[in-house]
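So the structure is just underneath, and the comments pick up after that.
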2 protein chains.
Amino acid sequence: MNQNVFDDPRITAVGLLVEAHAGLSARFAAQLEEHGLSSVEFEVLTRLARSPGNQLRMTDLAAQTSLSTSGVTRVVDRMERDALLCRRACPNDRRSSYAVVTQAGLERLDDVLPGHLRIIEQWFTGQLDPPALAALLDGLRQVRDAVHPGATAGSTDLPPHLARPRDEDPVT
Amino acid sequence: MNQNVFDDPRITAVGLLVEAHAGLSARFAAQLEEHGLSSVEFEVLTRLARSPGNQLRMTDLAAQTSLSTSGVTRVVDRMERDALLCRRACPNDRRSSYAVVTQAGLERLDDVLPGHLRIIEQWFTGQLDPPALAALLDGLRQVRDAVHPGATAGSTDLPPHLARPRDEDPVT
DNA sequence: ATCCAACGTTTGCGCCAGCAACTATAGCTA
DNA sequence: TAGCTATAGTTGCTGGCGCAAACGTTGGAT
């Protein structure tokens with residue numbers, strides 16, 4: 001085993017990405033926990049809250065998160081028990097059901113988001129001057145586009161899966 | 001709920017980091033699986049292989065990975081069963097034991113590393129021209145140094161799994 | 001020498017997630 | 001209409017992991 005392999009700049013690069021991600025994720029999780037949310041639950045809340053009618057079908061929710069459909073079933077179970085969202089039958093397709101954020105869920109999100117944004121700024125975006133941040137984000141975007149097929153979409157936000165015009169009623 | 005919140009550039013930035021990381025991780029996992037390794041096992045192998053004597057104490061291994069000590073116990077159990085490493089009593093401290101990579105473990109690593117490096121180059125470092133890559137890595141390093149608990153020692157009280165006052169990370 | 005607090009590791013338990021099997025519905029084809 | 005296949009969601013099972021308790025060990029204090 002050649003020791004120098006581990007000094008390969010490619011290994012170093014991956015290490016930086018992984019550690020930056022892990023460090024940020026840990027900070028997020030710590031703040032979310034103060035509000036009684038897991039990272040997954042937070043992601044579910046945001047995905048729903050930004051969707052038309054504050055709702056998504058279970059399958060679409062699974063596609064927008066890193067969860068399988070069975071994982072979504074169980075997260076939604078827990079969050080429904082905690083009154084953060086509720087299931088609603090789909091009128092057109094009796095196989096489907098929507099997960100809909102409740103008022104309590106939206107309020108929880110309102111509680112969490114300011115601190116969440118503050119953390120991003122404190123530990124991530126605020127760590128670099130604007131040109132350096134822009135360069136970082138350009139690089140990340142290029143890697144993301146390469147590695148995440150289907151993530152193209154508008155240059156807008158997280159959900160690459162907006163390219164999933166699954167159902168109708170475009171509210172916003 | 002204000003819809004514009006989700007278009008906040010800070011949210012976008014985090015989304016890019018998370019998706020780039022998730023995409024790369026998925027590629028890594030796919031290749032590792034071809035060689036019968038999980039990501040955690042690969043990390044354990046690399047951490048041990050680059051340590052003096054190809055060995056680390058369980059606690060130190062836990063500090064260098066994202067695992068708790070109990071997690072390390074179990075991953076070492078599995079890898080010992082698969083003959084990728086073995087435990088060895090610490091002569092100076094009978095509480096401690098070393099995890100030592102076996103020849104088979106080193107060979108497995110040799111099998112995996114070329115493809116691993118190829119994947120990094122194909123989907124990450126090779127996606128950008130050298131100056132852009134340097135800028136990306138500089139940015140990541142700055143964020144890493146900020147969020148990395150070891151680098152910000154003494155400033156905050158962190159959850160136990162974040163508090164890693166050790167020399168954990170010879171990677172970068 | 002004894003005590004005791006801290007340490008290293010393992011183990012019991014519970015949570016969470018994925019896979020695959022299952023049920024129910026939808027939609028096409030003839 | 002009947003039949004076949006694809007789809008949406010849930011559930012049984014399993015494995016991985018963290019927390020906290022347990023156990024042995026260490027090293028310092030008295």
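Worth saying up front: this structure is predicted, and the values here are computed from it rather than measured. Residue numbers begin at 1 in each chain, while the letters A, B, ... track the order of the sequences. Side chains are part of it too, since the values below use all heavy atoms of this structure and drop only hydrogens, waters and symmetry mates.
Taken residue by residue, residues 78-94 of chain B places heavy atoms nearer than 4.0 Å to DNA chain D at B:Arg78, B:Asp93, B:Arg94.
Placement of B:Val5 and A:Phe42 within a single hydrophobic cluster is found when ILVMFWY residues are connected by side-chain heavy-atom separations under 4.5 Å, directly or transitively. Hydrophobic clustering, with ILVMFWY side chains joined whenever heavy atoms are under 4.5 angstrom apart, groups B:Leu106 together with B:Leu84.
If you take CD of B:Glu33 and C1' of D:dG15, they are 14 Å apart, rounded to a whole angstrom. Atom C1' of nucleotide D:dT10 and atom CG of A:Leu61 are separated by 15 Å, given to the nearest angstrom. If you take CG of B:Asp77 and P of D:dG15, they are 14 Å apart, rounded to a whole angstrom.
With sequence neighbours left out, B:Ser25 forms a side chain to side chain contact (heavy atoms under 4.5 Å, CB included) with B:His21. Not counting sequence neighbours, the partners of A:Ser70 by the side chain to side chain contact (heavy atoms under 4.5 Å, CB included) test are A:Ser68, A:Arg74. Remark: A:Glu41 engages no residue in a salt bridge (charged side-chain N to carboxylate O under 4.0 Å, His left out) (not counting sequence neighbours). In this structure, A:Ser39 has no side-chain hydrogen bond (donor to acceptor under 3.5 Å, both in side chains) partners at least two apart in sequence or on a different chain.
In the set D:dT11, D:dC17, D:dT10, the nucleotide with an atom closest to the side chain of B:Leu67 is D:dC17. Nearest nucleotide to the A:Arg74 side chain, out of D:dT10, D:dC17, D:dG12: D:dG12.
Position along DNA chain D of the nearest nucleotide to A:Arg95 versus A:Ser70 favours A:Arg95 as the more 5'-ward residue.
Within 4.0 Å of B:Ser39, counting heavy atoms only, lies no atom of the nucleic acid at all. If you check every strand for non-hydrogen atoms under 4.0 Å, B:Val72 touches nothing. Here A:Ser97 lies in heavy-atom contact (under 4.0 Å) with sugar-phosphate atoms only.
For DNA chain C, the span of nucleotides reached by chain A at under 4.0 Å from its heavy atoms goes, 5' to 3', from C:dC16 to C:dA26.
The side chain of A:Ser96 contributes no N or O atom lying less than 4.0 Å from OP1 or OP2 of D:dA8.
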Tabulate below the donor-acceptor pairs under 3.5 Å that side-chain atoms of residues 111-129 of chain B make, not counting sequence neighbours, or state none.
{"unit_1": "B:Glu121", "atom_1": "OE1", "unit_2": "A:Arg10", "atom_2": "NH1", "d": "3.0"}
{"unit_1": "B:Gln127", "atom_1": "NE2", "unit_2": "B:Gln122", "atom_2": "O", "d": "3.1"}
{"unit_1": "B:Asp129", "atom_1": "OD1", "unit_2": "B:Ala132", "atom_2": "N", "d": "3.3"}

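For residues 62-98 of chain B, the set of pairs meeting the ring pair (Phe, Tyr, Trp, His ring centres under 6.0 Å) definition, not counting sequence neighbours, is empty. The salt bridge (Lys or Arg N to Asp or Glu O under 4.0 Å) contacts involving residues 82-94 of chain A comprise A:Asp77-A:Arg87, A:Glu80-A:Arg87, A:Asp93-A:Arg95, where partners must be two or more places apart or lie in separate chains.
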